[in-house]
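Chain letters run A, B, ... following the sequence lines, proteins first, then strands; residues in each count from 1.
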Amino acid sequence: MAATRLVSTILCLLLLFSSTTAKKIPSRRREPCKQMVLYFHDIIYNGKNAKNATSAIVGAPAWGNKTILAGQNHFGNIVVFDDPITLDNNLHSNPVGRAQGFYLYDRKDYFTAWLGFSFFFNSTNWHRGTLTFAGADPLNKTRDISVIGGTGDFFMARGIATLMTDAVEGEVYFRLQVDIKLYECW
Amino acid sequence: MAATRLVSTILCLLLLFSSTTAKKIPSRRREPCKQMVLYFHDIIYNGKNAKNATSAIVGAPAWGNKTILAGQNHFGNIVVFDDPITLDNNLHSNPVGRAQGFYLYDRKDYFTAWLGFSFFFNSTNWHRGTLTFAGADPLNKTRDISVIGGTGDFFMARGIATLMTDAVEGEVYFRLQVDIKLYECW
Amino acid sequence: MAATRLVSTILCLLLLFSSTTAKKIPSRRREPCKQMVLYFHDIIYNGKNAKNATSAIVGAPAWGNKTILAGQNHFGNIVVFDDPITLDNNLHSNPVGRAQGFYLYDRKDYFTAWLGFSFFFNSTNWHRGTLTFAGADPLNKTRDISVIGGTGDFFMARGIATLMTDAVEGEVYFRLQVDIKLYECW
C-alpha cells in the first residue's frame, strides 16, 4: 500500500510537471546555432566606372541625379547593388556569393540608411542557398539588422547581423563586414 | 507484484506521453508577449517645405515627378522617409525613435501601398533597438502588416502591426497609429 | 522495498528525460504545415498599354528611362506592381488576390532580381489575409525565396516559396508560378 501511495504521488507530480512544460514553449537561449563573418564590396557607378561598378543610383529626390549621391546626406537616394561576398576583407579574393538588393538613404541631417538584400551563395565548396536581411542602418560603428529568412543550406534561418563599415574610399567604394549570428536553424 | 505492474503501466503511459510531446512543438498561443501603441508622422517634401519635410518622393512612373505625388492614385511613387515616432498622437511630443524606410503606391484604380521600414529606438528612458516591418497596405480603416524581425530590446521579435491612419492633411502630412503585437519574444 | 527502489529509478530516469526535453526546442520537421500553388501575372507599362498594365518602371539607372527596361540586363530598374493572383495559369481566371510590391534588377552581366512583395487575399470563398515575401531571384528555372510573415488566415506564417517563370511574352508580360510551402503555422 505504501508503494502504491508513493506511485500515485509520483504520477501526480509528473503529470503536473509534464502539463506545465507542455503549455509553454521552452525559453530560448541567446546562443547562436551558427555564426559566420563575411565581407561585401560596393563600387558605386559614378558615370566613369561602368566596367567595375557593382551598384547604381536608381532613385533620387527632386534635387538629385543618378551619377552623384545627393546632397543633404544622400537623403532620398536608392542604390541597387550586386556586390561580391568574400571570406576576408580583400576585394580580389575569390567570391563565395553575391550580396544583392538595395539600400536607401533616409535622413537629411545625418547619414542613415535602410537595407533590404540577400546573400546569394552558389559555392561548390562553401555553401549554397540564401540569407535575406532587412533593417535600419544608423551608420554607427556597429549596427544590428535582422536576418529575416533563409533557403537552401540556410533553410528557414533567422538571426541578427552586425554590420561594420570596414573601409570607405570617397563616394565610390565601401566594404562592409557582416557578422551573422543565426538563432533559428532547422 | 501488483505494485510492480502498476509501476510498469505508469512507465509506459508516461513514456508514451513524453514521446508525444517531444515530437511536436507545443501549439502556440495567439496572445501577445508584448504590446505597444505608437504613432509616426510623415511630412512629404513638396518643393516648398525642405526644412520640415521628413520624407521625399524618390521614384516616380513615366507620368510623374518628384515634388507632386503622381496621378492615378500615386501609382508608381516611391517615398523614402525618416519620421519621428511618438507615444501619443502629437507631432510635437518628444520622439522616442524614428520610423525609417520606404513606402510605394502600387495600384492605379485605387490607393494601395507596400511598406518596408524599421522603428529605430534610441531612447535612454524608453527602449533601444529596432523592429522591422513589411507588408501590403490596402489603406483600409485598419490593416495588418508583419513584424519580421527585431534587435536590441526587441531581439528576434516577430509579430503583427495594425496600422490606422490617424490624420491626413492634404498631400503633405499624415499620421499613422501603429498597434504592435509581438507573438515571439526571446 | 524492491518496488520502492524501482519507483525511485523510474522517477530519476523520467526526471532526467523531462529535463532534457525541457531544455531544448524539439527538432523541427521539414514538412510543410500548409502548401499551395498560385500564379501571378505581370503586365509592364510600356507607354502604350496604360489600360492593361499592372506594373510600371519607377526607378532607372542613369542610362535608363521609365517606359523601356534598361540595357545591361535591366540593371538598376525598379518595377512596382499590383498583379492579379489566380489559382491556375490563366490570366483571365477569377483572381483570388493581388500580388503587390516591387522587384528590381541588380546585375549588369546577366539577369538577377530582388523581390519584396505581398500576396493580399481578400476572397470570400478562398482566403483572407496576407503573406509577405522577400529574397534574391537568380532567374534560374526554379528559385527559392523566403516567406517572412503573414496575417489573417496566415497569421505569423513563415516558409519558402519556389518561383518558376511560367510564361514570358517579350518585355511586356510574364507569369510566375509560386509554390508556397509554410513550415510555421499558428
With a 4.5 Å limit on heavy-atom distance, are the side chains of Met156(A) and Arg30(C) in contact?
no
Is any side-chain heavy atom of Trp114(C) closer than 4.5 Å to one of Ser118(A)?
yes
Measure Ile145(C) against the heavy atoms of chain A and call it side chain, backbone, both or neither at under 4.5 Å.
backbone
Go through the atoms of Tyr105(C) and report whether side chain, backbone, both or neither lie under 4.5 Å from a heavy atom of chain A.
backbone
Roughly how far, to the nearest 0.5 Å, is [atom2] of [Y] from [atom1] of [X]?
X: Phe102(A); Y: Ile78(C); atom1: CZ; atom2: CD1; value: 7.5 Å
X: Tyr183(C); Y: Phe155(A); atom1: OH; atom2: CZ; value: 4.0 Å
X: Asp106(C); Y: Thr54(A); atom1: CG; atom2: OG1; value: 10.5 Å
X: Phe81(A); Y: Leu104(C); atom1: CZ; atom2: CG; value: 9.5 Å
X: Thr112(C); Y: Phe120(A); atom1: OG1; atom2: CZ; value: 8.5 Å

Please list, in residue-number order, every residue in residues 158-168 of chain C that has a heavy atom less than 4.5 Å from any heavy atom of chain A; write 'none' if there are none.
Arg158(C), Gly159(C), Ile160(C)
Between Ala134(A) and chain C, with a heavy-atom cut-off of 4.5 Å, which part of the residue counts as in contact: side chain, backbone, both or neither?
neither
Chain C contacts, top residue of Cys185(A), Gly47(A), Gly129(A), Ala53(A) (heavy-atom pairs, under 4.5 Å)
Ala53(A)
Shorter than 4.5 Å, heavy atoms on both sides: which option in Ala60(A), Gly59(A), Gly150(A) has the most such pairs with chain C?
Gly150(A)
Using the rule given for side chain to side chain contact (heavy atoms under 4.5 Å, CB included), can you reason through Thr151(A) versus Ser146(C), listing the C-alpha separation, both sets of side-chain angles and the distance that settles it, and then say yes or no?
CA-CA 7 Å; Thr151(A) 66; Ser146(C) 293; 4.0 Å; yes
